[in-house]
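Below: one structure, written as structure tokens.
So you know, we letter chains A, B, ... as the sequences are listed, proteins then strands, and number each from 1. Heavy atoms only: backbone and side chains are in, while hydrogens, waters and symmetry mates are out. Note that this is a predicted model, so its numbers are computed, not measured.
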Amino acid sequence: MIGSFAATELLGLAPEMIGLFVAFGFMVGVFFGFFGMGGSFLVTPALLILGYPAPVAIGSSMAFVFGTAAIATLKHHDAGQVDYKLGALMFVGITLGIELGSRLVFGLEVLGIANVVVGVAYVLLLAAIGVLFTRSALDTDDEDAGDNGEVGDGGEDGDDDEAEDDEDEVPAIARKIQSYEIPPMVTLADGSRASLWTISGVGGGVGLVSGFLGVGGGFVRMPAIYYVIGTSLAAAVGTSLFGGLMSGAVGAFTYGRAGVIDLGIVTALLTGSALGARIGSSATAYVDEEDVTIYFGLMLLVASAAVGIGELSAWLSMPILDRLSFVLLIGSALLVCAVILYHGALAVRRTRGVPGSARSGE
Amino acid sequence: MTGTELLTGASPSIQALAVIGVVLLEAIVLYVGYGAVEEAVGSAVLDRLANGR
């Protein structure tokens, strides 16, 4: 009792809220570890649904993104998959974009419409990404006999098979963009060249999304680095995480100056997500991503509906809708997390355990 | 609990940097801590999972 009271005092949260955030962080971490993205854009909507003001929800989410990206970058740094030069060049654009995005949020807050606008933006964003993932999963099912080397984050472009054959290959669209030599051109770590304008544009665009929505922006940044700037897929993933680290740091600094970051929430989320990310990333060695991508896509669509219902609840003053919205968001995340862990457990049995013991389960 | 309690009286920029420092420290501690736990029990957990016991 004393211990829980001390914990409450320490984090400024009720024990059940600490438990909720640790559990939610765990789920977010599993997604992040497994898909290489997909965590942070669930955190802000969850905090909005829980009734936190938009600046607190976004600021805390940015600080959480910073912590998560720091952990992920440490891992990818060890594997030599981070192009620090490219990351540093993107920094200016990211900083300006985040500053612009956060000014937009604080301006909307003054007008009293920040929660509504951010909520609606989330509904559209989650729906768009959900449709992309679901369509990508369905396309893959249709092709079926296609190659297994495909990597999910870039999977939305099912026609561009040239790019997906080889992780070291730069996609055709990126080569085309690189062929427009708009000075100043810079040489990247892998020897390829890109215009500083392209790099800054990608950084600025991603920064704007990050600052406005409180997300790391990995779901935009990683494909943008891969398809627009043009690096290998491994470098795109590693550099995107480094970009997330910078976005998170700049965002946390911007919102931290306003004193709106809730460290209790960030600490509880990080405690869960650091463990979940380890498990999620270990699961990638056993589980075929295509088996669970459709669930992830559907979860995003449900999350979009949940945020929409949350907005309706505020407009119609119907608390029951708020509860429904929360249950949908947490429930869908819990379901997809369970699917990943279940597939992981089956695959571990299949590959390490008694032959045949797992096949009966599939 | 916002970052403003960390360094009361300090400028907003210093308080924001303190928040970033705390989060970074937490991240490193969690990375190292869970890494040690994984090292210690990861293999045993996978074996147990594989054998269904």
Side-chain angles (χ1 to χ4, degrees), chain A residues 9-13 29 56 59-60 62-75 245 248-267 270-279 282 286 341 344-354 357-358, chain B:
Chain A
E9 286 299 295
L10 184 67
L11 296 178
L13 294 169
V56 175
S60 304
M62 292 300 301
F64 169 65
V65 164
F66 170 67
T68 310
I71 292 169
T73 305
L74 283 170
K75 286 191 92 169
L245 178 81
V250 174
F253 181 76
T254 306
Y255 284 91
R257 287 188 84 244
V260 293
I261 293 175
D262 191 320
L263 266 180
I265 295 174
V266 178
T267 303
L270 264 184
T271 304
S273 80
L275 178 64
R278 274 189 181 271
I279 293 173
S282 302
Y286 295 96
L341 297 179
L346 284 182
V348 167
R349 281 195 173 197
R350 194 168 56 238
T351 54
R352 290 174 65 120
V354 182
S357 62
Chain B
M1 181 190 178
T2 65
T4 49
E5 296 101 332
L6 292 173
L7 292 170
T8 41
S11 73
S13 295
I14 299 294
Q15 287 179 342
L17 286 174
V19 170
I20 291 174
V22 168
V23 174
L24 184 61
L25 187 67
E26 284 177 359
I28 292 171
V29 167
L30 288 168
Y31 178 72
V32 173
Y34 283 138
V37 172
E38 185 180 339
E39 193 82 14
V41 301
S43 188
V45 169
L46 283 177
D47 284 344
R48 183 165 276 228
L49 205 57
N51 297 320
R53 281 184 283 117

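- Nearest heavy atoms, Leu275(A) versus Tyr34(B): N-CE1, 3.4 Å.
- Distance CG/Leu17(B) to CZ/Arg257(A): 9.5 Å, rounded to 0.5 Å.
- Closest non-hydrogen pair, Ala16(B) versus Gly256(A), comes out as CB-C, 3.6 Å.
- Contact detail for Leu30(B) and Ala274(A): the closest heavy-atom pair is CB-CB, 3.8 Å.
- In this structure, Ile20(B) and Ala249(A) approach most closely via the heavy-atom pair CD1-O, 3.4 Å.
- When the candidates Leu245(A), Thr254(A), Thr271(A) are compared by the number of heavy-atom contacts under 4.5 Å with chain B, Thr271(A) comes out ahead.
- Heavy atoms only, all atoms of each residue included: Leu24(B) and Ala70(A) are closest at CD1-CB, 4.0 Å.
- Between the Arg278(A) side chain and the Tyr31(B) main chain, a donor and an acceptor come within less than 3.5 Å of each other.
- In this structure, chain B has no heavy atom under 4.5 Å from any part of Thr68(A).
- Looking at every heavy atom in both residues, Ala27(B) comes nearest to Gly67(A) through CB-O, 3.6 Å.
- Separation of atoms CZ (Phe64(A)) and CD (Glu26(B)) is listed at 11.5 Å; rounding is to 0.5 Å.
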